[in-house]
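So the structure is just underneath, and the comments pick up after that.
Just the heavy atoms: all of them, side chains too, but no hydrogens, waters or symmetry mates, feed the values below.
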Amino acid sequence: HWFINRAGILYRVNSENLITWHAKGANSESVGICVQGNNNPTPAQLRTLHWFLTKDKKGWKGHRDVKATDCPGDILYQWLLDKLGRKHLS
């Protein structure tokens, strides 16, 4: 649904009412956010992601919370836990 490039620019790639195939087993009740890169998010990406997830008090899950994968990578996953905490896992 959303893509954040290395410069921190947020792009809508699908309507949020569209069920997409980003996280098997959680597609019908979630919104996908792709953070460009290879487990090394930029400060700009982190600012955008934080703004996006907190502006409407959205909960979050990493792919690893619904499927056996390393996504979104250890660095970004730990950042999400540190900034938003587990209480946001909804």
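The two atoms that bring A44 and A7 nearest to each other are CB-O, 3.3 Å, heavy atoms only. Nearest heavy atoms, P72 versus G62: CD-CA, 3.9 Å.
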Evaluation steps, side chain to side chain contact (heavy atoms under 4.5 Å, CB included), between K83 and L49: CA-CA 11 Å; K83 288 292 183 181; L49 183 59; over 6 Å; no
Criterion side chain to side chain contact (heavy atoms under 4.5 Å, CB included) on L46 and L76, from CA distance to verdict: CA-CA 8 Å; L46 297 176; L76 183 54; 3.7 Å; yes
Worked verdict on W79 versus H50 for side chain to side chain contact (heavy atoms under 4.5 Å, CB included): CA-CA 10 Å; W79 180 89; H50 187 266; 3.6 Å; yes
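Using a distance-only test at 3.5 Å, with no hydrogens or angles considered, no donor-acceptor pair links the side chain of H1 to the main chain of N14. Between the side chain of Q45 and the backbone N or O of N5, at least one donor-acceptor pair lies under 3.5 Å. No donor-acceptor pair closer than 3.5 Å links the side chain of D70 to the backbone N or O of G73.
Taken from OG1 in T48 to CG in L10, the straight-line distance is 6.5 Å, to the nearest 0.5 Å.
Q36 pairs by the side chain to side chain donor-acceptor pair (under 3.5 Å) definition with nothing, not counting sequence neighbours. The side chain to side chain donor-acceptor pair (under 3.5 Å) test applied to R64 returns D74, not counting sequence neighbours.
Note on W51: it does not cluster hydrophobically with I9, by side-chain heavy-atom contacts below 4.5 Å among ILVMFWY residues. In the hydrophobic clustering of ILVMFWY residues, with side-chain heavy atoms under 4.5 Å counting as a link, I33 and I75 come out apart. At a threshold of 4.5 Å between side-chain heavy atoms, the hydrophobic network of Ile, Leu, Val, Met, Phe, Trp and Tyr places F52 and F3 in two separate groups.
Checked by atom type, the side-chain pair N39/Y77 shows no donor-acceptor distance below 3.5 Å.
Aromatic pair W2/Y11: ring centres not closer than 6.0 Å.
Using a 4.5 Å heavy-atom cutoff, the side chains of N40 and R6 are in contact.
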